[in-house]
Visitor: 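Below: one structure in structure tokens.
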Amino acid sequence: MKTILVTSQKGGSGKTTLTAHLAVEAQRGENASVFVIDTDKQGTLSLWHERREADTPQRADLPFSRIADGLKTLTERGAAYCFIDTAPTISDQNTSLLRLADLVLIPVRPSPADLWSVSETVKLVKESGQPFLFVITQAKPQATITAQTIAALSEYGQVAKTFIADRVSYASAMTGGRTAQELQPKSPAADEIRGVWQDMKSLFNENSNSLRRVAHHG
């Protein structure tokens, strides 16, 4: 099972929206068993999940102290992916979650405030040694600040080729326990989520190939 941690020290970066949309995309695109875990006390992801009519993706409702054991159990039961939403704070909880992740997603809005705050997140992620990927969220496609943000983030690490534009469809779909691609499968929003998911899968493949090469040479 691949565990994807979605984290950012900046509130309003779109963590929960990204978590929900990617979990649904993984479920739909892979026809796989997908779980979500909400570790944010605000519980927005849990509220979204409770409003869903669909049974998938499934939610694992675990106390923080049981998350590591829970992930192990999900793996044993054949789950393919687990997406974990986190609180927008620097805490021992978030730091310990990093060690459980196969990939860390860091959503960043193209704004000076978000760029200023991202360095602390990156520091924690790099200390954990886990692979990470920036995802630009709530972007204005033609705005200069979007290009500047991508360039600045590239200094820290890899940026997803696809960015998430500032669209009402994301928020309106979440309100009803849905996702934008479920409501409009051929919309620009659906294309964006599909693109980020493909960028993530490419990273998984790269990491698997690297491990195989290390094992081979070892």
Visitor: Would you check, one step at a time, whether the test side-chain contact (heavy atoms from CB on, under 4.5 Å) holds for Val34 with Thr56?
Guide: CA-CA 7 Å; Val34 179; Thr56 56; over 6 Å; no

Visitor: Please name the pair of heavy atoms, one in Val36 and one in Ala23, separated by the smallest distance, quoted to 0.1 Å.
Guide: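 Between these two residues, the closest heavy atoms are CG1-CB, 3.5 Å.
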
Visitor: Looking at side-chain heavy atoms only, is the closest gap between Leu133 and Met200 below 4.5 Å?
Guide: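 In contact.
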
Visitor: I'd like to know whether CD of Glu30 has more than 12 heavy-atom contacts from other residues, nucleotides or ligands below 6.0 angstrom.
Guide: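 Above 12, so yes.
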
Visitor: Can you confirm whether Glu127 is buried at CD, in the sense that more than 12 heavy atoms of other residues, nucleotides or ligands lie under 6.0 Å from that atom?
Guide: yes

Visitor: Enter the distance from Phe83:CZ to Leu5:CG here, rounded to the nearest 0.5 Å.
Guide: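 So the CZ of Phe83 and the CG of Leu5 are separated by 11.5 Å.
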
Visitor: Do Glu76 and Thr73 have a side chain donor and acceptor closer than 3.5 Å?
Guide: no

Visitor: Counting C-beta onward and ignoring hydrogens, is there a side-chain heavy-atom pair between Arg167 and Pro188 closer than 4.5 Å?
Guide: yes

Visitor: Is there a side-chain contact between Pro57 and Val24 in this structure, where contact means two heavy atoms from C-beta onward sitting under 4.5 Å apart?
Guide: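 A side-chain contact exists here, since the closest heavy-atom pair is under 4.5 Å.
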
Visitor: For Lys126, I'd like to know if atom NZ has over 12 heavy atoms of other residues, nucleotides or ligands within 6.0 Å.
Guide: yes

Visitor: Got a second to check how far Ile4's CD1 is from Leu105's CG, nearest 0.5 Å?
Guide: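 Nearest 0.5 Å value for the CD1-CG distance: 7.0 Å.
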
Visitor: Return the CG to NE2 distance between Asp85 and His49, rounded to the nearest 0.5 Å.
Guide: 13.0 Å

Visitor: Kindly say whether Thr175 contributes a backbone atom to a donor-acceptor pair with the side chain of Arg51 at under 3.5 angstrom?
Guide: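 Yes, because the side chain of Arg51 sits within donor-acceptor range (under 3.5 Å) of the backbone of Thr175.
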
Visitor: Does a donor on one side chain sit under 3.5 Å from an acceptor on the other, for Glu192 and Tyr170?
Guide: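 Short answer, yes.
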
Visitor: Less than 4.5 Å apart, side chain to side chain, heavy atoms only: is that true for Cys82 and Met1?
Guide: yes

Visitor: Tell me if a side-chain donor or acceptor on Asp114 pairs with a main-chain N or O of Arg109 at a distance below 3.5 Å.
Guide: yes

Visitor: Among Thr137, Ile106, Val135, Thr86, find the residue that satisfies the side chain to side chain contact (heavy atoms under 4.5 Å, CB included) test when tested with Lys15.
Guide: Thr86

Visitor: Would Thr19 and Thr16 count as a side-chain contact (heavy atoms from CB on, under 4.5 Å) here? Give the steps.
Guide: CA-CA 5 Å; Thr19 304; Thr16 302; 5.5 Å; no

Visitor: Any idea how Phe132 and Phe134 line up, ring-wise: parallel (<30°), tilted (30 to 60°), or perpendicular (>60°)?
Guide: perpendicular

Visitor: Measure the shortest side-chain to side-chain distance between Val6 and Ile84 over non-hydrogen atoms and say whether it is less than 4.5 angstrom.
Guide: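 Counting from C-beta outward, Val6 and Ile84 never come under 4.5 Å.
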
Visitor: Has the side chain of Asp166 got a donor or acceptor atom that lies under 3.5 Å from a matching backbone atom of Lys140?
Guide: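 No; judged by distance alone, with no hydrogens or angles, the pair does not exist.
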
Visitor: How close do Pro107 and Thr7 get, counting heavy atoms only, and between which atoms?
Guide: CD-O, 3.4 Å

Visitor: Step through the shown structure and confirm whether more than 12 heavy atoms of other residues, nucleotides or ligands are within 6.0 Å of CG on Asn31.
Guide: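 No, the 6.0 Å shell around CG holds no more than 12 heavy atoms from other groups.
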
Visitor: Is it the case that one hydrophobic cluster holds both Tyr156 and Ile150, taking links as side-chain heavy atoms less than 4.5 Å apart, direct or via other members?
Guide: yes

Visitor: Please name the pair of heavy atoms, one in Gly177 and one in Arg52, separated by the smallest distance, quoted to 0.1 Å.
Guide: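 Scanning both residues, the minimum pair turns out to be O-CG, 2.6 Å.
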
Visitor: Minimum heavy-atom separation for Leu115 and Ala152, please, with both atom names.
Guide: CD2-CB, 4.1 Å

Visitor: Give the minimum heavy-atom separation between Val104 and Gln130, together with the two atoms involved.
Guide: CG2-CB, 4.1 Å

Visitor: Any sub-3.5 Å donor-acceptor pair from Gln181's side-chain atoms to His21's backbone N or O?
Guide: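 Answer holds: yes.
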
Visitor: Kindly work out whether a path of hydrophobic side-chain contacts (I/L/V/M/F/W/Y, heavy atoms less than 4.5 Å apart) joins Val118 to Ile145.
Guide: no

Visitor: When rounded to the nearest 0.5 angstrom, what is the spacing between CD in Glu50 and CG in Leu45?
Guide: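 Those atoms lie 10.0 Å apart.
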
Visitor: For the residue pair Trp197 and Tyr81, does the interplanar ring angle fall in the parallel (under 30°), tilted (30 to 60°) or perpendicular (over 60°) class?
Guide: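 Ring orientation of Trp197 relative to Tyr81: perpendicular.
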
Visitor: Answer whether the closest heavy-atom distance between the side chains of Leu97 and Phe64 falls below 4.5 Å.
Guide: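 Yes - at least one pair of side-chain heavy atoms lies under 4.5 Å apart.
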
Visitor: Can you check whether Ile37 reaches Arg59 side chain to side chain, under 4.5 Å on heavy atoms?
Guide: no

Visitor: Between the side chain of Thr17 and the main-chain N/O of Gly14, is any donor-acceptor distance below 3.5 Å?
Guide: no

Visitor: How far apart are the closest heavy atoms of Ser111 and Thr149, and which atoms are they?
Guide: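 Minimum heavy-atom contact is N-OG1, 4.1 Å.
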
Visitor: Hey, what do you get for CD (Gln58) to CZ (Phe35), rounding to the nearest 0.5 Å?
Guide: 3.5 Å

Visitor: Is any side-chain heavy atom of Lys161 less than 4.5 Å from a side-chain heavy atom of Val196?
Guide: no

Visitor: Are any of the side-chain nitrogens in Asp69 or Arg66 under 4.0 Å away from the carboxylate oxygens of its partner?
Guide: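 Looking at Asp69 and Arg66, the cut-off is met.
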
Visitor: Should the pair Asp102-Lys2 be classified as a salt bridge under the 4.0 Å nitrogen-to-oxygen rule?
Guide: no

Visitor: CG/Leu183 to CZ/Arg178 distance, rounded to the nearest 0.5 angstrom?
Guide: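 Output value for this atom pair is 4.5 Å.
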
Visitor: Side chain of Gln27, backbone of Ala32: donor and acceptor closer than 3.5 Å?
Guide: yes

